[in-house]
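To keep things clear, I will list the structure first and then write my remarks on it.
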2 protein chains.
Amino acid sequence: MRTIRKAAPLAGIATVERDTGLSKDTLRVWERRYGFPNPSRDSNGGRVYTSEQFEKLRVLRRLIDSGIRPGEIVAEPLHVLAARVQALPLRIPRAEGEAAVASAALRLLKSHQVGELRALLSRSLMQLGLQRFVLEVAAPLNERVGNAWIDGDLQIFEEHLYAEQMQHLLRQAIASLAQDAQSPRVLLTTLPGEKHRLGLLMAEACLSVEGAQCISLGVETPAWDIVQAAKAHRVDIVGLSFSQAMPLKAAHEGLFDLRKRLDRQCLLWAGGNVWQRTRKDIPGVTTIASLAAIADALQAWRKQHVVDDH
Amino acid sequence: MRTIRKAAPLAGIATVERDTGLSKDTLRVWERRYGFPNPSRDSNGGRVYTSEQFEKLRVLRRLIDSGIRPGEIVAEPLHVLAARVQALPLRIPRAEGEAAVASAALRLLKSHQVGELRALLSRSLMQLGLQRFVLEVAAPLNERVGNAWIDGDLQIFEEHLYAEQMQHLLRQAIASLAQDAQSPRVLLTTLPGEKHRLGLLMAEACLSVEGAQCISLGVETPAWDIVQAAKAHRVDIVGLSFSQAMPLKAAHEGLFDLRKRLDRQCLLWAGGNVWQRTRKDIPGVTTIASLAAIADALQAWRKQHVVDDH
DNA sequence: ACCTGATATTTGTCCTAGACAAATGGAATA
DNA sequence: TATTCCATTTGTCTAGGACAAATATCAGGT
């Protein structure tokens, strides 16, 4: 029960773990091996990180997630790392209009015009419809907000605010949709450690648009409880969402574990950005690499199950 | 990168941490001090827990969350612990009429009738209006769901499901309310460590009903970011929500710290169940002991500020 | 009886430094 | 070009020791 945080620019190891996603073990072993981060110590020998170190760790994390190995870059000074982040391949914007709305939204977010932001998104939702809104506005905007935070263009509170607004909007839209009895019952949640609500909510939106009966448990449900819930609600499919922040290893492990304990007949779908970076399959688990693929997967399910029903 | 699991009912320390919420350090130190859990080891000395140990850890966690100290119970055999869970004290229900809807909702939740639950709550909201719904249905139901979880009457996934449904409903209701330019701008969030979203959302509902302009950052915003956000949005009031789960000391400390760094003119309101159990004041902080008191506080603010404006 | 303050015990987090397997990169081979 | 093998990199795990925050216990005063 060490003091977790003190003044604004200094943070203990627990805080750094929480806010960078790097485990305490990793932070310590980097310090031992590479000499970075090199935190000062409090009166009791506890590590105290400066905001500069924190910033560099964030950038490092971003680069490592993109496939670069830690040993090659930990020693580099921050400005070199920042340059490498800039040089990272950008996802190609799909349509033309999508980039425009996202840029406008980002600008409004930065200038703290909440009402205008909400109005813009709401209008865009009305124009495009939920499905296209999620695919063409929400998902790209999500990514850009994430990047902007890592680059230091956005404060944490601005990201919080964005997430909150988008949640409001999506929930409202989902609530107004009808459910189709012919469609599968889907249990939606994430595994412990994955706190990204918006990914889950976007998935729920895509499923609901297709008429699926979604039962969302929110975020971070332990595997054991997922099994219980699937049984209790007799769902056809368990859908899990994984953001980029989730370490691939943990995702694999959790899915493997869950598949073993789940009922045979219950399908297990794993969606989220992680799956774009791997092609390793887990037997009995359907990976869904993009939000757009959700509709296809659902269509496929329908084709297979329309006969067997009853 | 140790091999985490082998045969069916066995789990490594990482899995147990994930699914019980007990940290690796805690598991190891319990083993050292109390001799439980006493996992066997794999070929490399890694801990391998049985499903019995896992189950007992779950029950232990429930009891500890209810206030019992680990040292008193870790040594007890599982069936004794189960008995203690049953013997846990129950809370007294408040009024009579309000209990009816809450009881019905709880029953539906337990029998997994999601559609019916949603319909019941929705109907109740329409009948009572948002303000009364929050005070007379949502808040008591919240409490009962919390208690039921501690008593083992509800699974975690059932609590998750409840929270999700209630969030949907409240957000929808809030979104449909108009804002009053005469009313204060309120920044809403919780401090790190306080993860209870529903309390925050209920507060937002009560404030919105009165026409306040709420800017919610969601949950767990670091103090430094709250200060930045308050400045950026030029809010009149910062509102923080604290559930019973929050240790009183941490709440005091966080508020004291925040008050120091916040702008003089910006008011600081602290709400939530914690404040019913203390009367110690923090200078410059208004504690609001119940949801019903929010309306009064807002009225008082209006009376004081209607003249000063412009 | 109830509050208040000092003292003792409990409890979780953090520390060091060593070990090892999974993932990765590159070279040699088919 | 594709596959196999070896060396390096990397993150997770281990063992006790240390310590401060949280909690319980007990004293004395109102």
Side-chain angles (χ1 to χ4, degrees), chain A residues 1-6 11-18 20-34 36 39-49 60-61 63-75 193 246-253 256 277-280, chain B residues 1-6 11-18 20-34 36 39-49 60-61 63-75 193 245-254 278-280:
Chain A
M1 299 183 195
R2 177 149 318 207
T3 307
I4 301 288
R5 34 175 36 258
K6 267 280 140 77
I13 195 170
T15 307
V16 175
E17 174 182 49
R18 219 165 48 68
T20 65
L22 298 164
S23 78
K24 297 183 183 88
D25 275 325
T26 300
L27 288 167
R28 285 193 276 255
V29 92
W30 280 11
E31 185 178 344
R32 202 196 311 167
R33 289 197 184 131
Y34 314 124
F36 180 89
S40 52
R41 304 305 183 105
D42 64 16
S43 58
N44 187 41
R47 278 162 242 257
V48 178
Y49 296 85
L60 280 172
R61 164 92 188 176
L63 290 167
I64 289 165
D65 278 351
S66 79
I68 300 170
R69 307 187 80 185
E72 303 174 25
I73 48 175
V74 271
M246 190 82 170
L248 237 159
K249 179 118 191 287
H252 269 117
E253 201 181 288
F256 187 76
R277 286 179 298 155
T278 179
R279 61 210 120 88
K280 206 193 284 180
Chain B
M1 299 184 194
R2 168 151 322 200
T3 306
I4 299 292
R5 33 178 31 264
K6 268 279 135 78
I13 195 170
T15 307
V16 174
E17 174 183 48
R18 261 222 322 272
T20 64
L22 299 163
S23 77
K24 296 185 183 86
D25 275 324
T26 300
L27 288 166
R28 285 193 276 257
V29 92
W30 281 10
E31 184 178 343
R32 202 198 311 165
R33 290 197 183 133
Y34 315 124
F36 179 88
S40 52
R41 302 306 181 106
D42 65 14
S43 57
N44 188 43
R47 279 162 242 258
V48 179
Y49 296 85
L60 280 172
R61 173 115 161 103
L63 290 167
I64 290 165
D65 280 350
S66 81
I68 300 172
R69 306 187 83 187
E72 304 174 26
I73 48 175
V74 270
M246 191 82 170
L248 238 160
K249 183 122 188 272
H252 268 117
E253 222 171 86
T278 180
R279 62 211 119 90
K280 206 191 288 178

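This one's a predicted model, so the numbers in the text were calculated from it and none came from an experiment. Residue numbering restarts at 1 for every chain, and letters A, B, ... go by the order of the sequence lines.
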(message) When you measure only distances, ignoring hydrogens and angles, does the side chain of A:Arg33 come within 3.5 Å of the base of D:dG11 through a donor and an acceptor?
(response) yes

(message) From the set D:dT14, C:dT16, D:dA18, return the single nucleotide nearest to any side-chain atom of B:Arg28.
(response) D:dT14

(request) Drop me the distance from A:Trp30's CH2 to A:Asp25's CG, to the nearest 0.5 angstrom. (result) 13.0 Å

(request) Let me know the distance between CG of A:Asp42 and P of C:dC14, rounded to the nearest Å. (result) 11 Å

(request) Could you check how far CG of A:Leu27 sits from P of D:dT10, rounded to whole Å? (result) 15 Å

(request) Could I get the full list of side chain to side chain donor-acceptor pair (under 3.5 Å) partners for A:Thr26, not counting sequence neighbours? (result) A:Ser23

(message) Please pick, from D:dA15, D:dT12, D:dT10, the nucleotide with the shortest atom-to-atom distance to any side-chain atom of A:Ser23.
(response) D:dT12

(message) Given D:dC13, C:dC20, C:dG12, identify the nucleotide with an atom nearest to the side chain of B:Ile13.
(response) D:dC13

(request) Check the distance between D:dT10's P and A:Leu22's CG and give it to me in whole angstrom. (result) 13 Å

(message) What's the separation between atom CG in B:Leu63 and atom CD1 in B:Ile73, rounded to the nearest 0.5 Å?
(response) 4.5 Å

(request) Could you check how far CG of A:Leu60 sits from P of D:dG11, rounded to whole Å? (result) 11 Å

(request) To the nearest 0.5 Å, tell me how far B:Leu60 CG sits from B:Leu22 CG. (result) 8.0 Å

(request) Consider the side chain of A:Arg41, meaning its heavy atoms from C-beta on, and name the nucleotide among C:dC15, D:dA15, C:dA19 that approaches it most closely. (result) C:dC15

(message) Nearest whole Å is fine: how far is D:dT12 C1' from A:Trp30 CH2?
(response) 14 Å

(request) Can you tell me the distance, in whole Å, between the CZ atom of A:Arg32 and the P atom of D:dT12? (result) 13 Å

(request) Give the nucleotide from the list C:dT11, D:dG11, D:dT10 with an atom nearest to the side chain of A:Tyr34. (result) D:dT10

(request) State whether B:Thr26 places a side-chain N or O below 4.0 Å from either non-bridging phosphate oxygen (OP1 or OP2) of C:dT13. (result) yes

(request) Starting from P on D:dA15, measure out to CG on B:Asn44 and report it in whole angstrom. (result) 11 Å

(request) Give the dot-bracket string for DNA chain D, reading 5' to 3', where a pair is Watson-Crick or G-U wobble with both distances under 3.5 Å, ( ) marks pairs inside the strand, [ ] marks pairs crossing earlier ones, | marks a partner on another strand, and . marks unpaired. (result) |||||||||||||||||||||||||||.||

(message) Output the rounded distance in Å from CD1 (B:Ile68) to C1' (D:dA22).
(response) 17 Å

(message) Judged by each residue's nearest nucleotide on DNA chain C, which is more toward the 5′ side, A:Asp25 or A:Glu72?
(response) A:Asp25

(message) Could you report the tightest heavy-atom contact between A:Tyr49 and A:Leu27, atom names first, then the distance?
(response) OH-CB, 3.8 Å

(request) Indicate whether OP1 or OP2 belonging to C:dC14 is found under 4.0 Å from a side-chain N or O atom of A:Lys24. (result) yes

(request) Of all the heavy-atom pairs spanning B:Pro70 and B:Ile64, show the shortest one and how long it is. (result) CG-CD1, 3.8 Å

(message) On DNA chain D, does the nearest nucleotide to A:Ser43 precede the nearest nucleotide to A:Arg69 from the 5' side, or the other way round? Give the residue.
(response) A:Arg69

(request) Taking salt bridge (Lys or Arg N to Asp or Glu O under 4.0 Å) as the test, write out the residues that go with B:Glu72, two or more places apart. (result) none

(request) Output the distance between atom CZ (B:Arg47) and atom OG1 (B:Thr15), rounded to the nearest 0.5 Å. (result) 14.0 Å

